[in-house]
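These notes concern the structure reproduced below.
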Amino acid sequence: MDKDKINDVISIIDRMDIKDKLRLAIRMSESNYTNLKYNKPEMYKRFNNRLKEIDEDYKTTIINYSKYPIITFAMAKIMEISKEDQNQIALYLFNVLNS
C-alpha cells in the first residue's frame with residue numbers, strides 16, 4: 001500500500017467539481033484496467049444516470065475523455081497502484097458522490 005499515491009489521487013478528486021467526479025467514477029466503472037470489487041455495471045449505471053440529470057451536454061454526446069485531462073491524469077495514477085488501493089480510492093470517490 002502506497003499512502004502517498006493514494007493521497008495524491010484523493011487530492012485530485014477533492015479538487016474536481018461534481019461533474020468531473022461523476023465522469024471519473026464512470027471511467028473507473030467502465031475501464032478494464034481497474035480491478036474493482038464493486039459491481040461495475042451497477043456503479044456505471046448509477047453514475048451515468050446521475051450525470052445525465054445534471055449535465056445537459058452529457059445526454060447528447062459521447063464522452064471524449066481527451067477533453068478532460070484531469071480525469072485522464074487521475075486514471076493514469078489509479079492504474080499505477082495495486083488492486084486494494086484502487087478499491088480504496090473507488091470507495092472514497094463513491095462515498096463522496098453519495099454524500
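Quick caveat: nothing in here was measured; it's all calculated off a predicted structure.
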*State whether the side chain of Gln86 and the backbone N or O of Thr34 hold a donor-acceptor pair below 3.5 Å, judged by distance alone.*
no

*Do Lys77 and Ile89 touch side chain to side chain, with heavy atoms closer than 4.5 Å?*
no

*Less than 4.5 Å apart, any side-chain heavy atom of Lys5 and any of Asp85?*
no

_Between Gln88 and Ile10, is there a side-chain heavy-atom distance shorter than 4.5 Å?_
no

_salt bridge (charged side-chain N to carboxylate O under 4.0 Å, His left out) partners of residues 34-45, not counting sequence neighbours, each pair once_ = none

*With a 4.0 Å cut-off, would you call Asp20 and Arg23 a salt bridge?*
yes

*Are the side chain of Asn7 and the backbone N or O of Lys3 linked by a donor-acceptor pair below 3.5 Å?*
yes

*So do Leu93 and Met16 actually touch side chain to side chain, heavy atoms under 4.5 Å?*
no

*Output the distance between atom CD1 (Ile63) and atom CD1 (Ile26), rounded to the nearest 0.5 Å.*
5.0 Å

*Nearest 0.5 Å please: distance from the CG atom of Asn48 over to the CE atom of Met43.*
12.5 Å

*Return the minimal non-hydrogen interatomic distance between Ile13 and Lys21, and the atom names on each side.*
O-CE, 3.0 Å

*Measure the spacing between CE of Met75 and CD1 of Ile71 and express it to the nearest 0.5 Å.*
10.0 Å

*What's the spacing between Arg46 CZ and Leu97 CG if we round to 0.5 Å?*
10.0 Å

*Can you measure from CD (Glu53) to CG (Leu22) and round to the nearest 0.5 angstrom?*
9.5 Å

_Inter-residue atom distance Glu80.CD - Asp8.CG, 0.5 Å rounding_ = 9.5 Å

*List in chain and number order the residues that pass ring-ring contact (aromatic ring centres under 6.0 Å, His included) with Phe94, two or more places apart in sequence or in another chain; answer none if no residue qualifies.*
Tyr38, Phe47

*asked:* Would you say that Ile78 contacts Leu24 through its side chain, given a criterion of any heavy-atom pair below 4.5 Å between the two side chains?
replied: yes

*Not counting sequence neighbours, list each pair that qualifies as a ring-ring contact (aromatic ring centres under 6.0 Å, His included) and has a residue in residues 4-34.*
none

*asked:* Looking at every non-hydrogen atom in both residues, tell me the closest pair between Ile54 and Lys19 and how far apart they are.
replied: O-CE, 3.6 Å

*Check: Ser66 main-chain N/O paired with Thr72 side-chain donor or acceptor under 3.5 Å*: no

